[in-house]
Protein chains: 2
Amino acid sequence: MDAGQVAQVRRFNRLVTRRVGALEVNHLRRGRPLGEARLLFETGTEGAELRALRDRLRLDPGYLSRLLRSLEAQGLVTVESGNADRRRRCVRLTKEGRAELAAYDRLSDELAASMLKPLGAAQRERLLAAMAEIECLIRTAEIELCVVSPKSAAARRCLCAYFRELAARFEGGFDAGEGDPKLEREMTPPNGCFVLARIDGRAVGCGGLRRIGERTGEIKRMWTAPEARGRGVARRVLHELEALAREAGLNTLRLDTNRVLVEARAMYRREGYREIARYNRNPYAHHWFEKKLEPTA
Amino acid sequence: MDAGQVAQVRRFNRLVTRRVGALEVNHLRRGRPLGEARLLFETGTEGAELRALRDRLRLDPGYLSRLLRSLEAQGLVTVESGNADRRRRCVRLTKEGRAELAAYDRLSDELAASMLKPLGAAQRERLLAAMAEIECLIRTAEIELCVVSPKSAAARRCLCAYFRELAARFEGGFDAGEGDPKLEREMTPPNGCFVLARIDGRAVGCGGLRRIGERTGEIKRMWTAPEARGRGVARRVLHELEALAREAGLNTLRLDTNRVLVEARAMYRREGYREIARYNRNPYAHHWFEKKLEPTA
DNA sequence: TCCATTCTCTGACTTTAGTCAGAGATATCG
DNA sequence: CGATATCTCTGACTAAAGTCAGAGAATGGA
């Protein structure tokens with residue numbers, strides 16, 4: 001990554017925190033301390049658990065409590081204990097609180113509109129397109145990867161969604177039953193591993209690795225949630241699996257894929273996988289790939 | 001401007017202040033109050049006048065003074081009176097201050113790099129392109145227009161730059177002498193007006209309007225500073241002049257231009273000016289344009 | 001049932017941020 | 001020269017943001 005690129009990002013960060021950030025801070029408080037305004041905003045019409053608010057806004061429990069007392073005193077929110085766990089309390093907006101929130105909403109709209117107003121129609125389109133692009137890419141950059149057991153709840157959800165998708169897309173359908181217990185065992189250490197991709201805590205993709213030879217591994221169960229496609233989730237998962245494979249001393253990775261999964265095939269090619277002859281008996285596979293891993297990442 | 005566009009801008013603002021803003025604030029303070037960090041940063045290796053710092057950071061004189069005392073106590077800056085006007089004092093970084101600033105610089109670089117790192121090469125390119133686009137458009141949106149006298153200092157500077165540019169670009173050169181006093185008089189109320197475009201307080205473009213008939217006006221002296229081109233400065237100035245013309249009851253605008261000013265010609269066409277036959281004796285003109293103004297903007 | 005844990009609240013802080021009214025030094029204008 | 005304005009500094013504030021320790025209620029597991 002060269003210095004020019006870094007400089008561009010810095011210029012952008014600077015501009016955007018200056019202009020957008022400063023405007024937000026000054027406009028969106030409505031004569032209220034920023035902390036309270038943010039809290040009101042983050043509570044939303046739905047209400048929220050204190051715990052969630054503390055995590056999202058990174059607030060000290062004491063501080064949060066005090067802010068809530070203040071909002072309560074203003075008649076904007078009520079706090080009551082949750083019904084499942086009575087330690088966890090929930091905030092809800094009162095009618096007045098919802099009115100306040102609506103006012104913030106209007107302000108926020110005005111602020112956004114004021115960024116567009118001075119521009120011509122073509123420039124607006126360009127601005128919006130660029131914003132969408134950045135939004136998408138920043139979220140991509142925020143994909144978190146972690147190694148989990150394929151039996152964990154999140155992993156199971158991903159695998160089920162994956163199987164459902166295969167059943168819908170494969171020409172002859174796909175029957176995974178309850179998955180493949182043997183494969184799942186092989187995707188846990190020491191024989192392999194299973195990687196989950198998360199965005200904002202939500203699982204949006206997965207992929208597994210199992211050893212199939214002395215120094216050969218196989219990639220299985222690569223999947224990306226439909227709402228997260230086009231953000232490089234699969235690519236990141238694949239890189240992670242490759243890194244783990246290298247750590248495990250493997251020098252070759254193989255994988256197979258069905259002919260209807262065109263995007264997947266293109267991705268594997270981009271990532272340096274070469275098509276090879278059939279190496280297994282998977283009845284659903286039409287293409288087989290292999291990549292030699294270089295020892296240093 | 002439709003609701004979807006506003007929503008996109010809001011999403012973007014939110015994302016960006018959250019991610020970029022929060023990171024900046026937390027990373028770039030190095031155990032120092034944010035105020036001091038910003039001040040150190042804004043002072044820069046060059047040093048700066050207190051006055052300039054106060055304007056840029058919007059600080060109360062008392063507050064600024066106290067922040068400086070604190071930085072002085074830490075041995076990071078020295079404050080001394082300017083030599084021209086001894087009321088105006090200047091801050092300079094000490095050696096330690098420069099080291100601190102360099103550390104901030106490195107942090108800032110790391111922060112930027114961390115946004116790029118998780119992305120692939122193609123995605124990086126896309127991100128950078130989108131950032132450049134937004135930077136450019138936000139700056140465009142920040143162009144301030146104001147009606148000034150063509151005799152004001154800022155206007156004179158623009159006009160001089162304009163004349164110099166014409167002299168350099170016109171095939172046979174251009175001799176404006178001291179400008180055209182008669183034209184300048186006509187570009188002031190009630191016969192016309194002169195509009196200046198500023199970005200961050202710096203004049204970056206201008207344009208004038210004078211009445212040449214009962215309900216006909218003429219656009220003159222349209223110019224954009226080289227460093228601000230491609231941001232729609234001229235378009236905004238032109239729109240402003242058109243609005244002022246409409247207010248003054250004009251229904252037709254004319255203008256002429258030299259054949260070497262290709263960009264200008266393209267811009268006039270885009271803005272609805274049709275090429276017409278010669279309507280004046282300007283020896284430097286090769287193209288003549290006209291636009292009918294609709295009564296409502 | 002008891003013990004450790006989790007969650008929220010309160011009180012008692014500290015630090016930052018920001019404001020305001022003078023005072024004193026310096027410059028500018030008539 | 002004197003009057004006025006500009007610029008910075010100091011002291012005396014207030015408000016907001018953030019921290020910390022401890023108490024009390026609720027929960028979960030041994």
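Bear in mind that the values here come from a model prediction, so they are computed numbers and not experimental data. So you know, we letter chains A, B, ... as the sequences are listed, proteins then strands, and number each from 1.
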Identify all side-chain donor-acceptor contacts of residues 109-116 of chain A below 3.5 Å with residues at least two apart in sequence or on another chain.
{"unit_1": "A:Asp109", "atom_1": "OD1", "unit_2": "B:Arg10", "atom_2": "NH1", "d": "3.0"}
{"unit_1": "A:Ser114", "atom_1": "OG", "unit_2": "A:Leu111", "atom_2": "O", "d": "2.7"}

Is the NZ or CZ atom of A:Arg221 positioned over A:Tyr162's six-membered ring, under 6.0 angstrom from the centre and within 45° of the axis?
no
Residues passing the side chain to side chain donor-acceptor pair (under 3.5 Å) test with B:Asp60, sequence neighbours excluded, are none
note: B:Arg69, atom CZ; C:dA17, atom P; distance rounded to Å ~ 17 Å
Query - Residues A:Arg139 and A:Glu142 bridged, charged N to O under 4.0 Å - result: no
Rounded to whole Å, CG of B:Leu64 lies from C1' of C:dA17 at a distance of 13 Å
Expected string for nucleotides 14-21 of chain D under the B/S/- scheme (protein heavy atoms, under 4.0 Å, primed atoms plus P, OP1, OP2 as sugar-phosphate) is --SSSBB-
Sorted by chain and residue number, the side chain to side chain donor-acceptor pair (under 3.5 Å) partners of A:Arg54 (sequence neighbours excluded) come out as none
B:Asp55 atom CG is separated from D:dC7 atom C1', nearest whole Å, by 12 Å
Query raised in the report: Tell me, do B:Val9 and A:Leu128 make a side-chain contact under 4.5 Å, heavy atoms counted?
Result: yes
To the nearest angstrom, the CD-P distance between B:Glu72 and D:dT8 comes to 14 Å
For A:Arg56, the side chain to side chain donor-acceptor pair (under 3.5 Å) test, sequence neighbours excluded, returns A:Glu42
Whole-Å distance, B:Arg86 CZ to C:dG24 P, equals 18 Å
Under-3.5 Å N/O pairs linking protein and nucleotides 3-7 of chain C:
{"unit_1": "C:dT6", "atom_1": "O4'", "unit_2": "A:Arg87", "atom_2": "NH1", "d": "3.4"}
{"unit_1": "C:dT6", "atom_1": "O2", "unit_2": "A:Arg87", "atom_2": "NH1", "d": "2.9"}
{"unit_1": "C:dC7", "atom_1": "OP1", "unit_2": "A:Arg88", "atom_2": "NH2", "d": "3.0"}
{"unit_1": "C:dC7", "atom_1": "OP2", "unit_2": "A:Arg51", "atom_2": "NH1", "d": "2.6"}

Here the distance between atom P of D:dC9 and atom CG of B:Leu71, to the nearest Å, is 12 Å
Here the distance between atom C1' of D:dA26 and atom CG of A:Asn83, to the nearest Å, is 14 Å
Discussion item. Show, in sequence, the C-alpha distance, side-chain angles and deciding distance for A:Glu135 and B:Gln8, and conclude whether the side-chain hydrogen bond (donor to acceptor under 3.5 Å, both in side chains) test is met.
Written reply: CA-CA 10 Å; A:Glu135 207 185 315; B:Gln8 166 72 68; 2.9 Å; yes
Whole-Å distance, B:Leu68 CG to C:dT16 C1', equals 16 Å
Determine whether a donor-acceptor pair (N or O, by modelled atom type, separation under 3.5 Å) exists between the side chain of A:Arg92 and the backbone of A:Glu46. yes
